[in-house]
Number of protein chains: 2
Amino acid sequence: MTAAIVTASILVIGDEILSGRTKDKNIGYIAEYLTALGIDLREVRVVPDIEDEIVAALDALRRRYTYLFTTGGIGPTHDDITADAVAKAFKVPLEFHPEAVRIISERAKAMGTEMNEARMRMARIPKGAALVANKVSGAPGFQLDNVIVMAGIPTVMQAMLDIVAPTLKTGVKMVSETVRADAREGDVGTELGAVAKAHPDVIIGSYPFFDDKLGPNTNIVVRAREPEKLAAARADVEAMLKRVKAQMGAWKGS
Amino acid sequence: MTAAIVTASILVIGDEILSGRTKDKNIGYIAEYLTALGIDLREVRVVPDIEDEIVAALDALRRRYTYLFTTGGIGPTHDDITADAVAKAFKVPLEFHPEAVRIISERAKAMGTEMNEARMRMARIPKGAALVANKVSGAPGFQLDNVIVMAGIPTVMQAMLDIVAPTLKTGVKMVSETVRADAREGDVGTELGAVAKAHPDVIIGSYPFFDDKLGPNTNIVVRAREPEKLAAARADVEAMLKRVKAQMGAWKGS
């Protein structure tokens, strides 16, 4: 049985992430969110506020994966150029979207400010795109083909993702289980490699961590789309750990 | 005067980041670290534990930027394939590095475990690379040409970065100053764009934030390599803010 696979990528747009001034909080959030939906995140890129760089990354990622999620660059200032870049990548005009104009105007009024040229920037949407509502601060994101353009502010991005999620194609969910090795990575690595080779439809990852009680320890994560394959691999991992640790004698914490 | 510009990129390698299981803490740390050194971080990519993907990203990034820093995939298990990918990208053999074998063997002994096949994996270093010491857990990273290969565990990565930093070429530092607008982005966006256009050698970014007292507020970040250009742009930003806010009447917090 071949499971339907839906893939995704993330493009983070913004000088502030590359300078280190702002620490990204969106990649990890979206990654976990997509995994829960049954969408495989395959690649992430972070690029500066330079139109050609954004266009090149948009084109590379939107052609390769089922979905591309972008964050950042959709505010009212001169350095917000994501909509311009998307329009350029798709070779469509950037137009004032009447519904976006209405939403942003009403929001400005409600906030006691005025609609002006800067706020109108946020209503410029590539032709053919559908708006993605922003329940937090008004100015919408948008979706054009397989590209979903979201805000960079985490609370706003999260609200937009909730709006888009029910409309996304999803694949068979990757199920994952974690086996705590109670051994060091280096003690079980070779044997774990043999188990991984014996289960080609299962992804087996090994993640060292520092255990306050035992010292260096390892989490072995087993992931698969088919529960029976997952269970078989997990059983083999556990049998291997038992065998290797018996050979080593009692586990010696450091 | 043209300032010497040194650029960098980061390649994060690991399924666990893309699945959301592990939240990356290295990108923001390296970004801030390089900025402080006077190295411009220009691009970041995150790719899975798939050799062809790693090789393609290595080649794209190492050719384009002064330095490429990688994190992840240098442990003792089957999913640690960064050294293999670097050797393949540079078309050099992957060999047991005598000094790495010595370091890892001594470490294993000190920890009361044995040198074995899995630990020997960590001593496989692309031919011609120089080791990067790991004061935290022994197994070294390495540098080949302009590619610096570091561990994924933040404490180990940070120790490796400290070792490499003094050897890096650095450019003229980007100096940055933050002006708190006490205005909403949408109220000052157009005028800020005009100031940015008048100062082409200065990078002006606008970052909205929520102010507990005033409500929506904006940080304007002015960045430049030449202090006098920075000062001139900052003065224009401040004059602009004064002018716009006077026109708007008293600042109305929401």
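Naming convention: chains lettered A, B, ... in sequence-line order (proteins, then strands); numbering from 1 in each chain.
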For the candidates A:Glu191, A:Arg64, A:Met174, which exhibits the highest count of non-hydrogen atom pairs separated by less than 4.5 Å from chain B?
A:Arg64

Quick check for you: among A:Ala8, A:Gly14, A:Pro48, A:Ser19, which has the greatest number of heavy-atom pairs under 4.5 Å with chain B?
A:Ser19

Taking [options] one by one, which has the highest count of heavy-atom pairs under 4.5 Å against chain A?
options                               : answer
B:Ala31, B:Gly28, B:Gly186            : B:Gly186
B:Lys23, B:Met120, B:Arg223, B:Arg119 : B:Arg119
B:Val221, B:Asp80, B:Val47            : B:Val221
B:Gly20, B:Ser176, B:Pro208           : B:Gly20
B:Leu18, B:Thr218, B:Thr35            : B:Leu18

Side-chain donor or acceptor of [X] paired with backbone N/O of [Y] under 3.5 Å:
X        : Y        : value
A:Thr170 : A:Gly38  : no
B:Thr71  : B:Gly152 : no
A:Asn219 : A:Tyr207 : no
A:Thr82  : A:Gly72  : yes
B:Asp79  : A:Ser206 : yes

Can you tell me which portion of [X] sits under 4.5 Å from chain B's heavy atoms? Options are side chain, backbone, both or neither.
X        : answer
A:Val12  : neither
A:Ile203 : side chain
A:Thr155 : neither

When you look at B:Asp187 and B:Lys245, which way does the salt bridge (charged side-chain N to carboxylate O under 4.0 Å, His left out) test go after all the steps?
CA-CA 9 Å; B:Asp187 288 327; B:Lys245 289 195 281 184; over 6 Å; no

Shortest non-hydrogen separation from [X] to [Y] and the atoms involved:
X        : Y        : answer
B:Leu68  : B:Ile10  : CD1-C, 4.1 Å
A:Val156 : A:Ala151 : CG1-CB, 3.5 Å
B:Ala100 : B:Pro140 : CB-CG, 4.0 Å
B:Ser137 : B:Arg107 : O-NE, 3.4 Å

Structural part of [X] lying under 4.5 Å from a heavy atom of chain A:
X        : result
B:Arg42  : backbone
B:Glu53  : side chain
B:Ile153 : side chain
B:Asp40  : neither
B:Val188 : neither
B:Thr22  : neither
B:Arg121 : neither
B:Asp24  : neither

Looking at A:Asp15 and A:Arg21, is there a salt bridge between them, counting it only when a charged N and a carboxylate O are closer than 4.0 Å?
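A salt bridge is absent here (no side-chain N lies under 4.0 Å from a carboxylate O).
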
